[in-house]
2 protein chains.
Amino acid sequence: MQFEDIQNLGLTKQREVVLQVISDAHEHLTANEVFDNSKKLLPGISFATVYNSLRFLKDAGHIAEISFGGGASRFDRGTHRHDHAICTKCGKLADIEMEHPAELVALAASYSKFKPESLEFTLRGICPDCLAKV
Amino acid sequence: MQFEDIQNLGLTKQREVVLQVISDAHEHLTANEVFDNSKKLLPGISFATVYNSLRFLKDAGHIAEISFGGGASRFDRGTHRHDHAICTKCGKLADIEMEHPAELVALAASYSKFKPESLEFTLRGICPDCLAKV
DNA sequence: ATTAGATTTAGAATAATTCTAAATCTAATT
DNA sequence: AATTAGATTTAGAATTATTCTAAATCTAAT
């Protein structure tokens with residue numbers, strides 16, 4: 001877990017703010033939410049710039065885009081690879097930090113004939129909160 | 001691999017057609033493409049009905065929705081669980097038919113504290129066609 | 001035939017994302 | 001300090017994706 005100085009990545013102020021917002025958030029925000037939060041730090045920022053910045057930051061590997069059936073994409077500070085769990089009751093999205101079984105990527109690559117770059121999975125199930133509510 | 005008679009699922013004609021279109025397609029279609037193809041079989045069908053049918057068929061487990069960053073959801077005949085590979089060069093989407101390593105779901109569930117229902121992954125990499133083009 | 005409930009239709013409405021053109025900024029050069 | 005080229009931002013329009021609404025139609029059970 002390495003400290004990354006957002007002030008020093010050679011980003012424009014707008015991109016810095018967008019990255020800051022995503023880093024500070026405890027949840028996975030939509031583009032719209034990123035926009036709302038960014039305006040608090042940089043009132044003049046425009047919607048298009050948020051989208052541009054999201055694309056830029058994604059291409060640069062600073063953030064990751066997550067999407068599920070239904071609704072807008074969400075964004076995630078992409079400092080390292082991780083997986084997701086999504087609750088089929090309430091829709092909550094959680095991160096999973098674990099190593100993959102050694103053979104998983106190789107197996108998937110051999111089945112698909114793709115040259116593998118990365119693999120990420122989504123676990124569908126019921127989150128602890130919803131389990132407790134029954 | 002079991003034969004399923006689409007004519008006999010107790011579906012409305014519109015839902016039958018939507019399911020037929022998805023089953024017949026060799027690729028993963030967007031809602032828009034499903035609509036276009038459905039019109040060929042049932043000219044009067046409306047866009048809203050295609051969306052309604054997609055939701056219905058998804059809830060009933062006949063089809064699955066797949067979404068990635070960027071663009072519309074795609075739909076897949078969901079007769080059985082499978083994974084996907086997506087090409088980072090050309091965007092092509094392929095199915096992966098393989099068993100998961102035994103411990104994968106249990107491991108993911110224990111890390112997330114979710115009660116697991118299903119798990120699917122996406123392999124990112126370069127597809128055979130793009131590899132050949134270099 | 002009647003009726004209640006579900007489904008479909010057409011089109012409007014909303015939400016998500018991208019595009020456009022003009023203005024601004026940045027960094028490199030005079 | 002002025003000039004310039006290229007990248008970025010802004011504002012808002014445009015496009016694309018999805019959902020909603022209300023009236024019409026269908027279905028199955030009386």
Side-chain angles (χ1 to χ4, degrees), chain A residues 6-22 25 27-60 62-76 86 91 93, chain B residues 6-22 25 27-60 62-76 86 91 93:
Chain A
I6 292 182
Q7 246 60 42
N8 257 62
L9 292 171
L11 300 173
T12 65
K13 192 179 324 183
Q14 288 77 208
R15 291 172 183 174
E16 265 176 21
V17 163
V18 167
L19 182 53
Q20 188 75 59
V21 162
I22 290 169
E27 303 187 297
H28 302 80
L29 306 177
T30 63
N32 226 320
E33 292 164 342
V34 173
F35 177 52
D36 287 344
N37 292 0
S38 296
K39 268 191 301 196
K40 292 176 198 152
L41 300 178
L42 191 62
I45 198 170
S46 77
F47 208 81
T49 296
V50 168
Y51 266 100
N52 286 342
S53 300
L54 289 171
R55 183 168 357 174
F56 178 91
L57 293 168
K58 188 172 77 156
D59 290 346
H62 295 304
I63 63 174
E65 180 174 2
I66 324 162
S67 42
F68 302 93
S73 287
R74 294 175 171 277
F75 296 87
D76 201 0
I86 186 164
L93 180 57
Chain B
I6 292 181
Q7 245 59 42
N8 256 61
L9 291 171
L11 301 173
T12 65
K13 192 178 325 184
Q14 288 81 349
R15 290 172 183 174
E16 264 177 22
V17 163
V18 166
L19 182 52
Q20 189 74 60
V21 162
I22 291 170
E27 304 186 296
H28 302 80
L29 305 177
T30 63
N32 227 320
E33 293 164 341
V34 173
F35 177 51
D36 287 344
N37 292 0
S38 296
K39 267 191 302 195
K40 291 177 200 154
L41 299 179
L42 192 63
I45 198 169
S46 79
F47 207 81
T49 297
V50 168
Y51 265 101
N52 286 343
S53 300
L54 289 171
R55 182 167 358 174
F56 178 91
L57 293 169
K58 187 172 79 156
D59 290 346
H62 295 304
I63 63 174
E65 180 174 1
I66 323 164
S67 41
F68 302 94
S73 287
R74 296 176 171 277
F75 296 87
D76 201 359
I86 185 164
L93 180 57

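As a basis for the values below, the full set of heavy atoms in this structure was taken, side chains included, without hydrogen atoms, waters or symmetry mates. Below, chain A is the first sequence line, B the second, and so on; all start at residue 1.
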- Working for side chain to side chain contact (heavy atoms under 4.5 Å, CB included), residues B:Leu11 and B:Val18: CA-CA 10 Å; B:Leu11 301 173; B:Val18 166; over 6 Å; no

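Put simply, A:Tyr51 has no side-chain N or O that comes within less than 4.0 Å of OP1 or OP2 on C:dT18.
An angle of 20°, rounded to 10°, separates the two end axes of the helix from C:dA1-D:dT30 to C:dT30-D:dA1, each defined over five pairs.
B:Thr49 is linked by a side chain to side chain contact (heavy atoms under 4.5 Å, CB included) to B:Gln14, B:Ile45, B:Ser46, B:Ser53, counting only residues two or more places apart in sequence or in another chain.
Annotation: the span from A:Lys13 atom NZ to A:Gln20 atom CD amounts to 14.0 Å, rounded to 0.5 Å. Between the CG atom of B:Leu57 and the CZ atom of B:Phe75 there is a distance of 9.5 Å, given to the nearest 0.5 Å. Taking CD from B:Glu65 and CG from B:Asp76, the interatomic distance works out to 11.0 Å, rounded to the nearest 0.5 Å.
No side-chain heavy atom of B:Arg15 sits less than 4.5 Å from a side-chain heavy atom of B:Leu19. Two residues are said to be in side-chain contact when any heavy atoms from C-beta on lie closer than 4.5 Å; B:Leu54 and B:Ile22 meet this criterion.
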Donor-acceptor pairs under 3.5 Å, side chain of residues 31-44 of chain B to any protein atom, not counting sequence neighbours: which ones?
from, atom 1, to, atom 2, distance (Å)
B:Glu33, OE1, B:Thr30, N, 2.8
B:Ser38, OG, B:Val34, O, 2.7

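One atom, CZ of B:Phe35, and another, P of D:dT19, lie 16 Å apart when rounded to the nearest Å. Atom pair A:Phe47:CZ and C:dT17:P shows a separation of 8 Å (rounding to whole Å applied). Separating the CG atom of B:Leu11 from the C1' atom of D:dT27 is a distance of 15 Å, rounded to the nearest angstrom. Spacing between atom CZ of B:Arg55 and atom C1' of D:dT18 amounts to 9 Å, rounded to whole angstrom units. Atom CG in A:Leu29 sits roughly 16 Å away from atom C1' in C:dA16 (whole-Å rounding).
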- Query: What string of B, S and - do you get for nucleotides 5-10 of chain D, 5' to 3', when a contact is any protein heavy atom under 4.0 Å?
  - Reply: ---SBB

